[in-house]
Trainee: 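First, the structure itself, so that you have it in front of you.
Reckoned from all heavy atoms, side chains included, excluding hydrogens, waters and symmetry mates.
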Amino acid sequence: MQVLNTKNELISLLENLRKEGKKIGFVPTMGALHEGHLSLVKESKHNSDITVVSIFVNPTQFNDQEDLKRYPRTLDKDIELLKTVDCDIAFAPSVEEIYPEPDTRKFDFGYIETVMEGAKRPGHFNGVGQVVSRLFDIVQPDKAFFGMKDFQQIAIIKNMVKQLKYNIEIIPCPIIREENGLAKSSRNTLLDEEYKKNAPHIYATLKKARNLASQMNVSELKKWIADEINNNPYLETEYVEIVDDTTLKVVENWSEEGTKVACVAVYAGKIRLIDNIVF
């Protein structure tokens, strides 16, 4: 595996590989890698000739500077993990390499950035648009792989690909969970022991909710989910929403067409966790 730190090195290497007819798969990450990320790498290996993984904690998508400071950074361990799944290229640039000057672009993602994460984290998705578009410009992948835990982010990135007319296939991949059901996340490493022990209650609640959907209307079920999570003294719900899986429109009635997804953001102490389940 090659580890590169500058975009010029990476662009030059990928240009030569493309001339050989190689198809490029790309997995953008913020590091602190875990089995969820590795599953994306495996998916890319299966669907591409060359797999590139970026490791870059993007400052423009953090609306909370304390959250940015807290975010785990484990580059050496990440590199070793990528070797275990035969990743071809790791790209670990500095902030100056990605943003030689401030990125002042403003994206308009329309309705999909106004709900859930967009409503609670102003500016977050604009930062996602900035960094992913810059990485796409550098890597120019044929396919890019994203985990379904960040369900809303995938909708944002698909929208951006359409806006910027990228010829890149966005491939959503299943959520990878701990044995206890907790969605794998880089933030899990920040959880104190008691919070880690209680965090699986989030997914357990979502699974119960899926079975209760036939017995309650949408607003009753949303309230039930929030109450059930909040009944655990280690957890506090920030939002519960049930949305259409394509448009992200908030669902009012079960009779509406389309697949429904229940999405939650929950604080376990100071650490914010997100999860979702398809109904």
Side-chain angles (χ1 to χ4, degrees), residues 1-59 61 71-100 128-150 153-154 156-158 160-161 164-177 183-186 188-189:
M1 183 178 78
Q2 290 182 265
V3 181
L4 305 177
N5 304 113
T6 71
K7 56 194 174 200
N8 288 343
E9 286 176 296
L10 181 60
I11 289 165
S12 168
L13 176 60
L14 292 175
E15 268 177 12
N16 290 330
L17 289 166
R18 263 187 225 97
K19 282 175 190 162
E20 296 171 17
K22 305 290 190 194
K23 295 292 183 190
I24 312 297
F26 180 41
V27 180
T29 82
M30 292 211 298
L33 302 185
H34 51 68
E35 283 298 325
H37 297 109
L38 298 186
S39 74
L40 302 180
V41 179
K42 290 173 189 171
E43 196 63 31
S44 176
K45 293 282 295 178
H46 185 66
N47 287 280
S48 325
D49 300 311
I50 299 292
T51 293
V52 180
V53 175
S54 63
I55 298 171
F56 178 66
V57 180
N58 174 41
Q61 71 190 68
Y71 200 86
R73 291 160 174 84
T74 56
L75 183 58
D76 292 343
K77 186 177 163 219
D78 294 343
I79 298 298
E80 291 310 309
L81 274 176
L82 289 176
K83 288 177 183 172
T84 68
V85 286
D86 297 325
C87 174
D88 299 293
I89 301 165
F91 178 49
S94 65
V95 172
E96 294 71 29
E97 190 69 21
I98 297 297
Y99 300 111
V128 169
Q130 288 174 343
V131 74
V132 174
S133 61
R134 283 184 175 237
L135 291 168
F136 280 177
D137 288 340
I138 295 164
V139 178
Q140 296 182 34
D142 297 282
K143 298 177 179 181
F145 300 81
F146 294 87
M148 285 291 290
K149 182 176 71 70
D150 296 299
Q153 177 176 275
I154 293 173
I156 291 284
I157 288 165
K158 284 182 174 177
M160 184 198 74
V161 164
L164 299 181
K165 298 183 169 58
Y166 286 126
N167 186 24
I168 300 169
E169 185 183 354
I170 302 302
I171 300 182
C173 302
I175 297 173
I176 304 298
R177 298 184 179 279
K184 295 245 184 195
S185 168
S186 304
N188 293 356
T189 61

Trainee: Could you tell me the separation between the CD atom of Glu20 and the CD atom of Glu15, rounded to the nearest 0.5 Å?
Mentor: 12.5 Å

Trainee: Say you draw a straight line from NZ of Lys23 to CG of Asp142; how long is it, rounded to the nearest 0.5 Å?
Mentor: 4.5 Å

Trainee: Can a donor-acceptor pair be found, under 3.5 Å and without considering hydrogens, that links the side chain of Arg73 to the backbone of Tyr71?
Mentor: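 Side chain of Arg73 to backbone of Tyr71: a pair is present.
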
Trainee: Minimum heavy-atom separation for Arg134 to Pro100, with atom names?
Mentor: NH1-CD, 3.8 Å

Trainee: Does a sphere of radius 6.0 Å around CG in Asp76 hold more than 12 heavy atoms from other residues, nucleotides or ligands, not counting ones at 6.0 Å or beyond?
Mentor: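 Result for CG/Asp76: open.
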
Trainee: Measure across Leu82 and Leu38 and return the closest heavy-atom pair with its distance rounded to 0.1 Å.
Mentor: CD2-CD2, 4.3 Å

Trainee: Under a 3.5 Å cutoff, is there a donor and acceptor pairing between the side chains of Asn58 and Tyr99?
Mentor: yes

Trainee: For a 4.5 angstrom cut-off between non-hydrogen side-chain atoms, does Leu4 reach Thr6?
Mentor: no

Trainee: Can you tell me how far apart CD (Glu35) and CG (Leu40) are? Round to the nearest 0.5 Å.
Mentor: 11.0 Å

Trainee: Please evaluate residues Ile176 and His37 with respect to the criterion side chain to side chain contact (heavy atoms under 4.5 Å, CB included), reporting the C-alpha separation (whole Å), side-chain torsions for both, the decisive distance (0.1 Å), and the verdict.
Mentor: CA-CA 9 Å; Ile176 304 298; His37 297 109; over 6 Å; no

Trainee: Within a strict 4.5 Å, meaning less than it, do heavy atoms of the Val128 and Gln153 side chains meet?
Mentor: yes

Trainee: I'd like to check Ile79 versus Met1 (side-chain heavy atoms, cut-off strictly below 4.5 Å). Are they in contact?
Mentor: yes

Trainee: Side chains of Val131 and Gln61, heavy atoms from C-beta outward: is any pair under 4.5 Å?
Mentor: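 Yes - at least one pair of side-chain heavy atoms lies under 4.5 Å apart.
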
Trainee: So, for Ile138 and Leu14, which heavy atoms are closest and what is the spacing to 0.1 Å?
Mentor: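 Closest approach of Ile138 to Leu14, heavy atoms only: O-CD1, 4.5 Å.
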
Trainee: To the nearest 0.5 Å, what is the distance between CG (Leu75) and CD1 (Ile55)?
Mentor: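 Rounded to the nearest 0.5 Å, the CG-CD1 separation comes out at 5.5 Å.
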
Trainee: If you compare all heavy atoms of Pro72 against all heavy atoms of Ser186, which two are closest, and at what distance to 0.1 Å?
Mentor: CG-O, 3.5 Å

Trainee: Does a side-chain heavy-atom distance below 4.5 Å link Ile24 with Val139?
Mentor: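 The answer is yes; the side chains approach within 4.5 Å.
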
Trainee: Just so I know, are the side chains of Phe56 and Pro28 near enough to count as touching, which here means a heavy-atom distance under 4.5 Å?
Mentor: no

Trainee: Between Asp86 and Lys42, does at least one N-O distance fall below 4.0 Å, as a salt bridge requires?
Mentor: no

Trainee: Aromatic rings Phe136 and Phe146: how do their planes relate, parallel, tilted or perpendicular, breaks at 30° and 60°?
Mentor: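 Correct class here is perpendicular.
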
Trainee: For Tyr166 and Asp137, run side chain to side chain contact (heavy atoms under 4.5 Å, CB included): C-alpha distance rounded to whole Å, both residues' side-chain angles, the deciding distance at 0.1 Å, then the answer.
Mentor: CA-CA 9 Å; Tyr166 286 126; Asp137 288 340; 2.8 Å; yes

Trainee: When you look at Ile89 and Leu17, which way does the side chain to side chain contact (heavy atoms under 4.5 Å, CB included) test go after all the steps?
Mentor: CA-CA 12 Å; Ile89 301 165; Leu17 289 166; 4.2 Å; yes

Trainee: Is the backbone N or O of Gly31 less than 3.5 Å from a side-chain atom of Thr29, with the two atoms forming a donor-acceptor pair by type?
Mentor: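 It does hold such a pair.
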
Trainee: Can you measure from OG (Ser39) to CZ (Phe145) and round to the nearest 0.5 angstrom?
Mentor: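 Between atom OG of Ser39 and atom CZ of Phe145 there are 11.0 Å.
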
Trainee: Which atom pair, heavy atoms only, marks the closest approach of Ser54 to Leu135?
Mentor: OG-CD1, 3.8 Å

Trainee: For the side chain of Glu97 and the backbone of Lys7, is there at least one donor-acceptor N/O pair under 3.5 Å apart?
Mentor: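 Yes, because the side chain of Glu97 sits within donor-acceptor range (under 3.5 Å) of the backbone of Lys7.
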
Trainee: Between Asn47 and Glu43, does a side chain to side chain donor-acceptor pair (under 3.5 Å) hold up when you go through it step by step?
Mentor: CA-CA 6 Å; Asn47 287 280; Glu43 196 63 31; 3.3 Å; yes

Trainee: Please report the interatomic distance CE(Met30) to CG(Asp78), rounded to the nearest 0.5 Å.
Mentor: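 Separation between the atoms: 12.0 Å.
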
Trainee: Which pair of heavy atoms, one from Thr51 and one from Lys45, lies closest together, and at what distance?
Mentor: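 Scanning both residues completely, I find the closest heavy atoms to be OG1-N, 3.4 Å.
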
Trainee: Do the side chain of Ser133 and the main chain of Gln130 share a donor and acceptor less than 3.5 angstrom apart?
Mentor: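 Present.
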
Trainee: Should Val132 and Met160 be marked as a side chain to side chain contact (heavy atoms under 4.5 Å, CB included) after you check the CA-CA gap, both sets of side-chain angles, and the distance that decides it?
Mentor: CA-CA 9 Å; Val132 174; Met160 184 198 74; 3.9 Å; yes

Trainee: Side chains of Glu9 and Pro93, heavy atoms from C-beta outward: is any pair under 4.5 Å?
Mentor: no

Trainee: Using a 4.5 Å cut-off on heavy atoms from C-beta on, say whether the side chain of Lys143 contacts that of Ser44.
Mentor: no

Trainee: Between Lys83 and Glu80, is the closest basic N to carboxylate O distance under 4.0 Å?
Mentor: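 Here Glu80 pairs with Lys83 in a salt bridge, since their nearest N and O are under 4.0 Å apart.
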
